[in-house]
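Please read the structure below before turning to the comments.
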Amino acid sequence: MKAYIFPGQGAQFTGMGQDLYESSAKAKELFRQANETLGFDITKIMFEGTAEELKETKVTQPAIFLHSTILAEVMGDRFKPDMVAGHSLGEISALVANRTVAFTDGLQLVYKRALAMQKACEIEPSTMAAVLGLEDHLVEAICTDIPGTVVAANYNCPGQLVISGDVTAIGLACEKLTEAGARRALVLPVGGAFHSPLMEPAREELAAAIEATTFTAPACPIYQNVSTFAVTNPAEIQKNLIYQLTAPVKWAQSMQNMIKDGATQFIEVGPGNVLQGLMRKIDRSVETFKAGIE
């Protein structure tokens with residue numbers, strides 16, 4: 001069975017999506033729709049923007065979404081998923097690709113999500129850190145004892161867990177985790193504490209937009225970050241998406257459940273190959289591929 005997986009923030013690069021634009025009339029039309037929907041020329045930033053411009057949350061999130069969803073569209077009949085999943089932001093890409101959410105609705109959600117997250121980041125100085133080489137339960141236990149807000153945010157693969165919280169608490173947690181034997185506890189260059197309680201203002205703002213969006217029965221199950229299991233009920237998908245901003249991304253658990261349910265091939269759709277790398281650490285026995293135009 002084929003599982004198609006969609007990346008999140010951090011995979012952006014200058015020139016992303018240009019090959020799609022130049023090789024497909026359908027891609028050209030979708031990029032045109034995107035510029036119109038967003039009210040600015042995101043296509044130009046994706047193709048020619050500097051790394052700094054692409055790093056802005058309000059650009060990064062829609063850019064990655066566009067690269068992923070337009071690639072899935074351009075693949076045409078070759079895009080035949082038995083199941084899908086998306087890492088954080090990638091979950092909305094997956095929902096468009098499996099026909100739960102319309103392309104323009106998905107893009108609007110992604111843009112509102114980016115702006116709401118940006119706003120939440122400005123309320124309190126916050127950040128994230130990658131913890132390598134320590135078991136999940138030890139990381140969780142140490143975070144529980146730290147004053148302030150610090151929680152497990154991204155369960156990426158065995159031995160790699162990202163924590164999220166206020167700047168002081170993250171700094172202290174990194175010290176304690178290193179003392180406890182973590183190979184590394186490295187603060188990440190991100191603007192805020194994504195997938196933590198500090199994103200509550202963003203969750204509240206986005207909830208209204210998600211509730212106002214039409215969700216239809218998907219073409220195949222989605223394994224969501226919040227629940228980790230196959231979901232096909234549109235109301236349940238909608239509810240899980242609302243809680244995603246403040247809940248951890250249970251990526252490793254989702255991938256393990258897809259494998260249990262019969263996935264033997266994982267195809268990454270979008271920029272970069274981060275998810276293929278994580279999959280090799282989750283289970284080396286499954287095949288991983290990069291989606292392409294050809």
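Residue numbers count from 1 along this sequence. Everything numeric here is computed off the predicted structure, so don't read it as measured data.
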* Value rounded to 0.5 Å, distance of CH2 in W251 from CG in L161 -> 15.0 Å
* Asked: How are the rings of F40 and Y111 set to each other: parallel, tilted or perpendicular (split at 30° and 60°)?
  -> tilted
* To do: May I ask you to decide whether K119 forms a salt bridge with E122, counting only side-chain N to carboxylate O separations under 4.0 Å?
  => no
* G86 versus N225, closest heavy-atom pair with distance -> O-ND2, 2.8 Å
* Asked: Which atom names give the shortest non-hydrogen contact between A11 and I64, and what distance separates them?
  -> N-CD1, 3.9 Å
* Asked: When hydrophobic residues are tied together by side-chain contacts of less than 4.5 Å, even through go-betweens, does V59 share a cluster with L30?
  -> yes
* Asked: Hey, mind stepping through N35 and T43 against side-chain hydrogen bond (donor to acceptor under 3.5 Å, both in side chains) and telling me if it holds?
  -> CA-CA 7 Å; N35 293 339; T43 307; 2.9 Å; yes
* Please tell me if the side chains of P158 and I282 come closer than 4.5 Å, counting only heavy atoms from C-beta onward. => yes
* Between NZ on residue K250 and CG on residue N154, distance to nearest 0.5 Å -> 12.5 Å
* State which residue, out of D261, T228, N257, fulfils the side chain to side chain donor-acceptor pair (under 3.5 Å) condition with Y223. => D261
* To do: In plain terms, say whether E29 and R32 are close enough for a salt bridge, that is, a side-chain N and a carboxylate O under 4.0 Å apart.
  => yes
* **Spatial distance of atom CE (M258) from atom CZ (F266) [nearest 0.5 Å]** => 5.5 Å
* **Minimal non-hydrogen separation, F215 against Q238, with atom names** => CD1-NE2, 3.4 Å
* Asked: Are L89 and L278 in one and the same hydrophobic cluster, where Ile, Leu, Val, Met, Phe, Trp and Tyr link if side-chain heavy atoms are under 4.5 Å apart?
  -> no
